[in-house]
Amino acid sequence: MRCWRLSCAPRACDLPCDSPRSSLSGAVMRLSRYFLPILKENPKEAEIVSHRLMLRAGMIRQETAGIYAWLPLGLRVLNKVTGIIREEQNRAGAVELLMPTIQPADLWRESGRYDAYGKEMLRITDRHEREMLFGPTNEEMITEIFRGYVRSYKDLPLNLYHIQWKFRDEIRPRFGTMRSREFLMKDAYSFDLDKEGARHAYNAMFTAYLRTFARMGLKAVPMKADTGPIGGDLSHEFIILADTGESAVFCHSDYLSFDTPAADTDFGDRAGLQQLVDRWTSLYAATEEMHDEAGFAAVPEDRRLAARGIEVGHIFYFGTKYSEPMNAVVAGPDGQLRPVHMGSYGIGPSRLVAALIEANHDEAGIIWPDAVAPFNVAILDLKAGDSATAAACEDLYRQLSARGLDVLLDDRDERAGGKFATADLIGAPWQILVGPKGLANGQVELKRRATGERELVSPADAVARICG
RNA sequence: CGGGGCAUAGCGCAGUCUGGUAGCGCAUCUGCUUUGGGAGCAGAGGGUCGCAGGUUCAAAUCCUGCUGCCCCGACCA
């Protein structure tokens with residue numbers, strides 16, 4: 001069984017590992033001392049814009065087909081993305097753990113998937129000739145963990161997740177981290193006594209996903225997905241619309257104006273969540289594979305949206321598919337043992353990073369949504385070596401850092417044009433241009449990357465404007 | 001896995017057809033000038049031409065085999 005495509009992330013730390021929050025204690029993130037290997041020219045192997053820009057902006061480096069090293073800038077974005085995912089998973093009641101990348105083959109023999117999975121699974125033999133594999137997903141392992149401890153319905157419901165690297169030996173990896181072989185995935189697994197409980201768990205994840213993508217500045221539309229042998233209506237792909245999307249999608253355009261579920265949503269309110277999910281599944285939305293011409297034709301003509309989309313999440317109820325063969329059972333109130341009903345819920349952070357770029361860029365480079373920007377603000381010292389601009393830049397840096405923002409100071413001995421180009425390429429939402437002429441009048445130039453708007457303001461106003 | 005293509009300096013490329021001592025642009029280093037949208041001049045460093053065989057007086061160039069990467073397709077619960 002195959003799930004969400006997505007990709008890779010940093011290990012479990014609650015804050016971005018290289019977060020410049022340490023700047024509070026004095027260190028300044030100077031571009032002259034950073035590692036940002038940007039490329040002026042387009043790498044020939046990169047076809048789609050996100051791949052091209054990730055390479056050009058020094059976010060990733062390909063090590064071999066479908067396998068990438070994440071360079072400092074890319075890692076920052078990945079950490080921002082996983083940070084948001086983590087917060088929303090926790091908010092919805094899921095509990096984080098961390099399972100290994102390498103799994104024993106025997107576990108997969110229990111579910112029957114060791115033979116069923118095929119060549120996509122990377123099989124490994126250790127020094128004792130034991131059969132191992134690099135995990136493409138974790139249903140078996142989480143089920144094994146669950147059955148090792150949980151005995152009673154009183155311990156349900158339970159939803160465990162981790163954010164871990166996966167490997168699927170794709171026939172043809174492509175599009176950079178959009179379709180890589182090694183990829184980071186957040187995969188959550190829910191355990192409930194019955195299908196009704198599982199539906200609630202499903203609804204909670206559904207809601208969490210809407211919030212997760214919205215916080216990243218993305219419009220994600222849940223679309224009905226193939227439920228495979230289980231049947232029913234409990235599988236959705238979360239698709240973001242992008243011209244360069246991999247697949248054709250069809251939906252009612254009203255979805256794009258639906259409100260995001262509130263931060264204080266009560267995830268224990270079964271009826272409330274059901275209502276929310278019902279609303280978000282009330283209109284037509286389907287990917288190519290599930291597309292139904294008649295259903296789409298019933299949508300008012302001016303609301304029919306046919307577009308391209310990128311799958312960034314997938315949620316799935318699969319009942320007792322694993323709990324039964326693997327004997328993950330709990331005692332119900334009546335004392336009877338029964339296999340638990342499970343679901344799994346995936347998001348691919350490493351794919352999301354690419355998807356975010358597909359949805360947010362222009363000719364000059366990336367335009368990061370604030371929530372996932374590697375740096376919120378880039379301060380450009382337009383005259384390196386000038387003590388006045390340097391002092392003004394550092395002062396701005398400290399003020400912005402103190403407000404919790406991630407700031408990059410371009411103090412390189414470069415011409416202004418090169419700094420502008422770099423700043424536009426790496427896509428910090430805000431740029432502050434500090435030059436000697438403006439400074440003589442007590443002014444700096446504040447530029448919004450997304451719109452290109454600029455205005456001359458005092459340094460204090462720049463800070464206020466950004467933090468305001 | 002089928003089809004196509006590529007492999008020459010860190011990046012992008014020319015040179016290969018027609019064999020004759022390795023080139024260009026960018027990047028890097030030095031100096032001078034320049035300094036608000038990827039600067040100019042002068043100089044310098046950097047390449048077992050993917051690997052292995054073969055042909056030849058001589059191979060980046062021709063032949064054979066291999067490897068890697070890219071694109072299209074199939075694949076992507």
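Below, chains carry the letters A, B, ... as their sequence lines are ordered, and counting in each starts from 1. Just so it is clear, the values below take in all heavy atoms, side chains as well, and ignore hydrogens, waters and symmetry mates.
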Which nucleotide in the set [options] lies at the smallest distance from any side-chain heavy atom of [X]?
| X | options | result |
| --- | --- | --- |
| L425(A) | G37(B), G38(B), G36(B) | G38(B) |
| R179(A) | C70(B), C76(B), C6(B) | C76(B) |
| R56(A) | G38(B), G68(B), G36(B) | G38(B) |
| K447(A) | G37(B), C1(B), C70(B) | G37(B) |
| E47(A) | C75(B), A39(B), C71(B) | C71(B) |
| K437(A) | G36(B), A27(B), C70(B) | G36(B) |
| I38(A) | G38(B), G37(B), C75(B) | G38(B) |
| K40(A) | A27(B), G36(B), C76(B) | A27(B) |
| R174(A) | C75(B), U35(B), C70(B) | C75(B) |
| A421(A) | G38(B), G36(B), G68(B) | G38(B) |

Would R448(A) count as a cation-pi partner of W430(A), with NZ or CZ less than 6.0 Å from the six-membered ring centre and within 45° of the ring normal?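 Flagged: R448(A) positioned over aromatic ring of W430(A).
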Should the pair R123(A) and Y114(A) be classed as cation-pi, given the thresholds of under 6.0 Å to the six-membered ring centre and 45° from the axis? yes
In whole Å, what is the span from the [atom1] atom of [X] to the [atom2] atom of [N]?
| X | N | atom1 | atom2 | answer |
| --- | --- | --- | --- | --- |
| K419(A) | G36(B) | NZ | C1' | 11 Å |
| R412(A) | G38(B) | CZ | P | 14 Å |
| M121(A) | C76(B) | CE | P | 16 Å |
| L382(A) | U34(B) | CG | P | 19 Å |
| E288(A) | C76(B) | CD | P | 14 Å |
| R52(A) | C71(B) | CZ | P | 12 Å |
| Y68(A) | C69(B) | OH | P | 11 Å |
| E120(A) | A74(B) | CD | P | 16 Å |

Answer yes if the ring centres of H291(A) and Y284(A) are under 6.0 angstrom apart, and no otherwise. yes
Who is the Watson-Crick or G-U wobble partner of [N], with both distances under 3.5 Å?
| N | value |
| --- | --- |
| A14(B) | none |
| U67(B) | A7(B) |
| A42(B) | U30(B) |

OP1, OP2 of G38(B) versus side-chain N and O of T422(A): anything below 4.0 Å?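 Checking T422(A) against G38(B): no side-chain N or O falls below 4.0 Å of OP1 or OP2.
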More 5' along RNA chain B: L39(A) or P43(A), using each one's nearest nucleotide?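 Nearest-nucleotide comparison on RNA chain B picks P43(A).
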So which one's nearest nucleotide on RNA chain B is more toward 5', G66(A) or A416(A)?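 Here A416(A) is the residue nearer the 5' end.
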Nearest-Å distance once atom [atom1] is located in both [N] and [M]:
| N | M | atom1 | answer |
| --- | --- | --- | --- |
| G73(B) | G65(B) | P | 29 Å |
| C6(B) | G50(B) | C1' | 11 Å |
| U64(B) | U55(B) | C1' | 11 Å |

Reckon G417(A) touches a base, only the sugar-phosphate, or nothing at all at heavy-atom distances under 4.0 Å? sugar-phosphate
So what does L433(A) hit on the nucleic acid, given a heavy-atom distance under 4.0 Å: a base, only sugar-phosphate, or nothing? base
Expected rows: protein N/O vs nucleotides 2-5 of chain B N/O, under 3.5 Å:
none

Taking [X] for the side chain and [Y] for the main chain, is one N or O donor matched with an acceptor at less than 3.5 Å?
| X | Y | value |
| --- | --- | --- |
| Y317(A) | M342(A) | no |
| R308(A) | E246(A) | yes |
| S323(A) | P339(A) | no |

Just checking K224(A): does its NZ atom have more than 12 heavy atoms from other residues, nucleotides or ligands closer to it than 6.0 angstrom? no
Result of checking L433(A), D461(A), V463(A), L439(A) against V444(A) for side-chain contact (heavy atoms from CB on, under 4.5 Å): L439(A)
Does N42(A) contact G12(B) through a side-chain donor or acceptor facing the base, at a distance under 3.5 Å? no
Does any donor-acceptor pair link the side chain of E41(A) with the base of G25(B) at a separation under 3.5 Å? yes
Check the pair F238(A) / F206(A) against ring-ring contact (aromatic ring centres under 6.0 Å, His included), numbers first and verdict last. CA-CA 9 Å; F238(A) 286 75; F206(A) 188 108; 5.3 Å; yes
Residues two or more places apart in sequence or in another chain: which of them pass side-chain hydrogen bond (donor to acceptor under 3.5 Å, both in side chains) with E289(A)?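 T287(A).
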